[in-house]
Amino acid sequence: MLQLHDTATGEVAPLRLREPGRVSLYVCGPTVDGVPHLGHGRFSLVFDVLRRYLLFSGLEVTYVSNITDIEDKIIDRAAAQGVPIAEFTAANEALWWEIMDALGVLRPDETPHATAYVDRMIALIDDLVVRGVAYETATGVYLSVLDVPGYGLLARQPLDTLRAGARIEADEEKRSPLDFVLWKKAKPGEPSWDAPWGAGRPGWHTECVVMSLDLLGEGFELHGGGQDLMFPHHENERAQAVADGKEFARHWMHNGWVTVGGEKMSKSLGNFTSLADLLARSDARAYRLLVLRSHYRSPIEVTPDTIAQAEAGLSRLDELARRFALPDLLAQGPPTGPGAAPGPVDADAVAAFTAAMDDDLDTPGALATVFDLARRANAAADTGDSEVADRAAGTAALLAAALGLRLHGDAGDQVDDVTAGLARERDAAREARDWVRADALRDQLEAAGWLVEDSAEGTRIRRR
RNA sequence: GGCGGCGUGGCCGAGUGGUUUAGGCAGGGGCCUGCAAAGCCCCGUACGGCGGUUCGAUUCCGCCCGCCGCCUCCA
């Protein structure tokens with residue numbers, strides 16, 4: 001059974017399921033206020049891998065990830081561009097899904113939008129006011145965090161030290177500087193919804209609480225996101241659920257940063273790389289492999305060099321797929337167990353893979369079993385032991401697929417007639433032992449961007 | 001200031017109280033090849049510093065140094 005580090009306890013513990021065989025995940029999705037960046041890609045890939053592994057483990061998985069489509073920056077940027085908010089967010093969301101598809105991230109089962117949940121958010125806020133844990137001021141409605149048992153759980157820090165660092169708000173009416181806004185009263189010209197406290201919009205922390213409980217129910221298994229969401233976002237979500245008497249997420253999972261030159265990449269630092277830029281200059285699968293190569297809680301450094309290393313690893317696996325004509329196991333959807341393999345599997349390798357993944361999603365260890373299988377498959381094939389070789393190669397394909405890594409065999413490259421003709425000419429030259437001409441043809445093909453290899457079937461070429 | 005994380009061989013990156021190694025990339029040697037490429041085999045005596053615990057620590061404890069993060073919008 002999968003064990004995961006739980007942010008709330010700081011310990012690695014088994015996921016506690018509400019009912020056997022089923023698991024529900026809620027992952028905080030993007031605010032569609034601009035282009036998706038590397039950090040978005042990392043959390044999407046990390047939780048995609050988690051989801052795929054749960055599926056591979058034979059569990060029925062419900063995966064919910066929201067789209068925040070109303071928020072201060074959205075309002076500002078849409079206005080700056082002179083575009084209606086709905087148009088602005090729709091365009092950014094379309095780009096988001098386009099890039100998620102390119103990364104091979106499975107679409108969530110549900111993608112609730114904040115704007116579709118305003119009524120239910122108002123109902124929650126109203127309930128919190130009635131319960132006496134939320135109060136109205138001139139600017140909005142706030143949650144009184146000192147009235148919430150266990151506040152500070154996810155911040156992993158005592159309340160008084162949190163308070164020491166809290167920003168002094170302009171709103172002097174707040175009872176505690178840590179209190180956060182549930183409802184923002186609208187200023188003239190801002191988009192708004194009617195509510196008992198006047199026209200306004202919900203605070204950011206309210207949407208996820210309402211949407212997760214609505215779609216997954218109380219006590220859903222896991223809530224996740226990037227580490228920067230631990231506090232205050234997730235802390236505040238939990239606070240609302242607790243204040244409302246609800247059982248919230250059983251387990252909290254947070255992934256580490258993408259760093260640039262050792263520093264956190266973030267919107268505020270302006271040092272971010274968009275995923276579109278990354279995908280334009282590298283194999284989309286390389287980022288998945290790069291993410292898998294380190295533990296999800298460690299920072300990852302994304303540089304041209306680390307991307308190139310990932311691409312080199314990818315070509316090794318692609319070479320395996322080519323040599324063994326491995327099928328695309330992801331074509332039929334995510335594998336739900338070893339039965340998805342093309343043939344008999346290496347049970348020891350699957351066990352090693354599973355042990356690694358069960359241990360707080362040790363993807364580097366899991367990946368090591370895949371590469372080890374690749375080496376063993378090649379070695380066995382070199383000595384003519386096709387049974388062992390096929391089993392190892394097929395198992396490697398299975399495990400790569402379980403991680404969402406699609407391997408490319410020969411099928412991927414479109415060879416045009418001229419290129420194919422050059423390859424045939426080279427075969428003829430080699431047949432005639434005209435090495436000078438054969439090498440010249442190889443140079444010509446390579447100059448055109450092809451890798452040229454000799455094989456028993458003649459010149460084999462593929463895209464570099 | 002409070003809280004937390006990290007520091008592993010040329011690079012990336014796991015892991016472990018001691019016996020045989022993670023894995024990948026790059027590099028060196030070899031096999032294979034007309035030459036290559038791909039693939040395989042072998043190799044490089046890694047654990048920030050100082051103490052402590054221990055028969056023995058990279059792995060546990062303490063201190064120090066360095067880097068990073070959170071405490072404020074942010075995946």
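Excluded from the calculations below are hydrogen atoms, water molecules and symmetry mates; all remaining heavy atoms, backbone and side chain alike, are included. Residue numbering restarts at 1 for every chain, and letters A, B, ... go by the order of the sequence lines. Note that the coordinates shown come from a computational prediction; the quantities given were computed from them, not determined experimentally.
For the residue pair A/Asp109 / A/Thr62, no side-chain donor-acceptor distance below 3.5 Å is found, with atom types taken as modelled.
Nearest to the side-chain atoms of A/His295 among the listed nucleotides B/G34, B/A14, B/A75 stands B/A14. Listed nucleotides B/A36, B/G23, B/A75 differ in distance to A/Phe371; the shortest reach to its side chain belongs to B/G23.
For A/Val181, the side-chain contact (heavy atoms from CB on, under 4.5 Å) partners at least two apart in sequence or on another chain are A/Tyr142, A/Lys184.
Distance noted for atom P between B/C73 and B/A57: 48 Å (whole Å).
At the phosphate of B/C41, OP1 or OP2 sits under 4.0 Å from a side-chain N or O atom of A/Arg375. Between A/Arg316 and B/C40 there is a side-chain polar atom (N or O) within less than 4.0 angstrom of OP1 or OP2.
For the segment residues 97-110 of chain A, no residue has any heavy atom less than 4.0 angstrom from an atom of RNA chain B. Contacts between residues 301-314 of chain A and RNA chain B, counted as heavy-atom distances below 4.0 Å, involve A/Asp305, A/Gln309, A/Ala312.
The aromatic ring centres of A/Phe248 and A/Phe220 sit less than 6.0 Å apart.
Remark: ring of A/Trp435 overlaps the six-membered base ring of B/G34 in a stacked fashion, centroids less than 5.5 Å apart, planes less than 30° apart.
Shown are A/Arg322, A/Arg442, A/Arg462; of these, the side chain to side chain donor-acceptor pair (under 3.5 Å) with A/Glu453 is made only by A/Arg462.
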Each base of RNA chain B marked ( ) or [ ] if paired in-strand (Watson-Crick or G-U under 3.5 Å), | if paired to another strand and . if unpaired gives (((((((..(((.....[....))).(((((.......)))))....(((((..]....))))))))))))....
Should A/Ser455 and A/Arg460 be marked as a side chain to side chain donor-acceptor pair (under 3.5 Å) after you check the CA-CA gap, both sets of side-chain angles, and the distance that decides it?
CA-CA 7 Å; A/Ser455 75; A/Arg460 193 168 67 175; 5.1 Å; no
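In this structure a side-chain-to-backbone donor-acceptor pair under 3.5 Å is missing from A/Asn255 to A/Tyr296.
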B/S/- along nucleotides 27-33 of chain B (protein heavy atoms under 4.0 Å) is -------
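Within the structure, salt bridge (charged side-chain N to carboxylate O under 4.0 Å, His left out) contacts touching residues 357-368 of chain A (residues at least two apart or in different chains) are A/Arg297-A/Asp360.
Put simply, the side chain of A/Arg323 and the base of B/A38 share no donor and acceptor less than 3.5 Å apart.
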